[in-house]
Student: 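Structure provided below as structure tokens; questions to follow.
First the proteins, then the strands, lettered A, B, ... as listed; each starts at 1.
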Protein chains: 2
Amino acid sequence: MPDTAAYSETEEKIFLAALEEFSRNGRQGARLQDIADRAGINKALIHYYFRSKDRLYNDVFTFVIRRYFLQMGETIRPGDSFETTLRDFVDRYIDLLDENPALPFFILRDIAEGAPMMSEKVGEVLLPHAGNIPHRFTESCERAARDGEIRPIDSVQTLITVMGACIYFFAGYPVLSAAIPRLKRQRRRFLRERKQHIVDIVYYGLKPRPEESE
Amino acid sequence: MPDTAAYSETEEKIFLAALEEFSRNGRQGARLQDIADRAGINKALIHYYFRSKDRLYNDVFTFVIRRYFLQMGETIRPGDSFETTLRDFVDRYIDLLDENPALPFFILRDIAEGAPMMSEKVGEVLLPHAGNIPHRFTESCERAARDGEIRPIDSVQTLITVMGACIYFFAGYPVLSAAIPRLKRQRRRFLRERKQHIVDIVYYGLKPRPEESE
DNA sequence: GTCTATATCTCGATAGAC
DNA sequence: GTCTATCGAGATATAGAC
């Protein structure tokens, strides 16, 4: 749940309703009347508190993205082996997406529009506050390659592969779960296995292992 | 480029402009005036040819998805080793996304809205015409595990990992390329390497290999 | 701060001239 | 087939009472 402590009770009701409606229907598709109904307040109050639909969207987006970047920034600790870094990153990223089902759609929708909000926030929040997560991930990857822990594989490619493997379950869920019923029936179990699978396949690959020593 | 041979010249101009605008701004966000401007024709002509905005969207979506499913259906040949299956699948999938930059956003946007169109088309096009690609991929994966070519890893997890690894480059491009300049500067080269990387990392993993025999 | 009523505007859709 | 002009629905935004 968002920490909206700085808001009054009414403001918070509007904020949470807006978050829900914007995620479902997008910036244009969302209706102020629906937001007001969901919040259980009058439509005019939205303008009283947030001035306009655009400002409301801006506030909601900024809040969600800031929290997203900050939480992801906590996943990478400089001293760890790359296996640990990878495991923590995947674990935290999937939990984050699972706890915020609206998040992938929120971001992807913005990206589809040319990422006006994201590009703004990348410079404003990601780089200064979250310590540039991509850069820290690739650094950890490259150090591990120098130490001989892993093969010298392009670290940016690896990052994109790992992030894609994590996010696609959530982004593709409505279609995937229609074709594969157990995603819905055993979602928790499948997600637990998903974390293990990604680390396992990225780290060890599909090939049979010569000997097991783990 | 879509094969819109059945359309007149004006229809085709509208169709292509609509494809572009719907991808960028979504079903709701797209404006008929913008579509008309992009096509270089009058707004009323859209209604003359396509009756309504909803029908236009429906036509565009159906066309794009049908072609997408059909092209993906060609990638998996039953007799191949899983390494070949994987390589062909990744190669074709990335080419397809590269040739149709609007495609990921088109699909993801529909999914964000609860996938009303996709769920319809999955039943109508994917299953009967494209021979159920996910099923064929997982079958190939499971047979390879029985034959000892690969480890007995959950084939559905593998499919989701591979698709996510392919699509995320395109879906995340506007943000990724802002943080990593070479994605834009050397796009063609990076994409070529991306195909190799995905097959390599999924099949062999990050761990150093005991001996090279390829 | 919260509500009702209404003004303003945007956009899809149609009518009708050519 | 293509254009101009306009209608009408529906949404955002504001005015003003309480």
Student: Find the distance Gln33(B):CD to dA13(C):P and express it as a whole number of Å.
Tutor: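 So the two atoms are 13 Å apart, to the nearest Å.
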Student: Where the side chain of Arg31(B) is defined as all heavy atoms beyond and including C-beta, which of dC3(D), dC11(C), dA13(C) is the nearest nucleotide?
Tutor: dC11(C)
Student: Check Glu21(A) with Arg38(A), please: is the shortest side-chain N to carboxylate O separation under 4.0 Å?
Tutor: yes
Student: In whole Å, what is the span from the CG atom of Asn42(A) to the C1' atom of dT14(D)?
Tutor: 13 Å
Student: Can you see if the side chain of His47(B) gets near the phosphate of dA13(C) - specifically, an N or O under 4.0 Å from OP1 or OP2?
Tutor: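 Checking His47(B) against dA13(C): at least one side-chain N or O falls below 4.0 Å of OP1 or OP2.
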Student: Does the side chain of Arg77(A) come under 3.5 Å of the side chain of Thr85(A) through a donor N or O and an acceptor N or O?
Tutor: no
Student: In whole angstrom, give the distance that lies between atom CZ of Phe50(B) and atom P of dG12(C).
Tutor: 15 Å
Student: Quick check, are the ring centers of Tyr168(A) and Tyr168(B) under 6.0 angstrom apart?
Tutor: no
Student: What's the CG-C1' distance between Asn25(B) and dC11(C), to the nearest Å?
Tutor: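 From Asn25(B) CG to dC11(C) C1': 14 Å.
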Student: Just checking, Arg187(A) and Tyr173(A): is the charged tip under 6.0 Å from the six-membered ring centre and within 45° of the axis?
Tutor: yes
Student: Closer than 4.0 Å, any side-chain N/O of Thr10(B) to the OP1 or OP2 of dT2(D)?
Tutor: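 Yes, within the criterion.
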Student: Starting at atom CD1 of Ile14(B), determine the distance to atom C1' of dG1(D), rounded to an integer number of angstrom.
Tutor: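 For the pair Ile14(B) CD1 and dG1(D) C1', the rounded distance is 11 Å.
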Student: Does Ser8(A) make a side-chain N or O approach to OP1 or OP2 of dG1(C) shorter than 4.0 Å?
Tutor: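 For dG1(C), neither OP1 nor OP2 has a side-chain N or O of Ser8(A) closer than 4.0 Å.
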Student: Compare the minimum distances between each of dC3(D), dG12(C), dA13(D) and the side chain of Lys43(B), then state the nucleotide with the smallest one.
Tutor: dG12(C)
Student: Once you apply a heavy-atom cut-off of 4.0 Å, does Ala36(B) come out as touching a base, just sugar-phosphate, or nothing?
Tutor: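 Answer is nothing: Ala36(B) stays at 4.0 Å or more from every strand.
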Student: Ring centroid separation for Phe169(B) and Phe190(B), is it under 6.0 angstrom?
Tutor: yes
Student: dC3(C), dA13(C), dT4(D): which one has an atom nearest the side-chain heavy atoms of Ala44(A)?
Tutor: dC3(C)
Student: Testing Arg189(B), His197(B), Lys195(B) one by one against Glu193(B) for a side-chain hydrogen bond (donor to acceptor under 3.5 Å, both in side chains), which residue passes?
Tutor: Arg189(B)
Student: In whole Å, I'd like the distance from the CG atom of Leu56(A) to the C1' atom of dA11(D).
Tutor: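 Going from Leu56(A) (CG) to dA11(D) (C1'), I get 15 Å.
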Student: Find the bend of the helix from dG1(C)-dC18(D) to dC18(C)-dG1(D) as the angle between its two terminal axes (five pairs each), to the nearest 10°.
Tutor: 10°
Student: Looking across every strand, which nucleic acid part, if any, lies under 4.0 Å from Tyr48(A) by heavy atom: base, sugar-phosphate, or nothing?
Tutor: base
Student: What is the distance from CD of Glu9(B) to P of dG1(D), rounded to the nearest Å?
Tutor: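 Atom CD in Glu9(B) sits about 12 Å away from atom P in dG1(D).
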Student: With Arg109(B) as the cation and Phe22(B) as the aromatic partner, state whether NZ or CZ is under 6.0 Å from the six-membered ring centre and within 45° of the axis.
Tutor: no
Student: Report the distance from atom CD1 of Ile35(A) to atom C1' of dG10(D), rounded to the nearest whole Å.
Tutor: 16 Å
Student: Counting side-chain heavy atoms from C-beta on, which of dG12(C), dC3(C), dC3(D) comes nearest to Leu45(B)?
Tutor: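 From the listed options, dC3(D) comes nearest.
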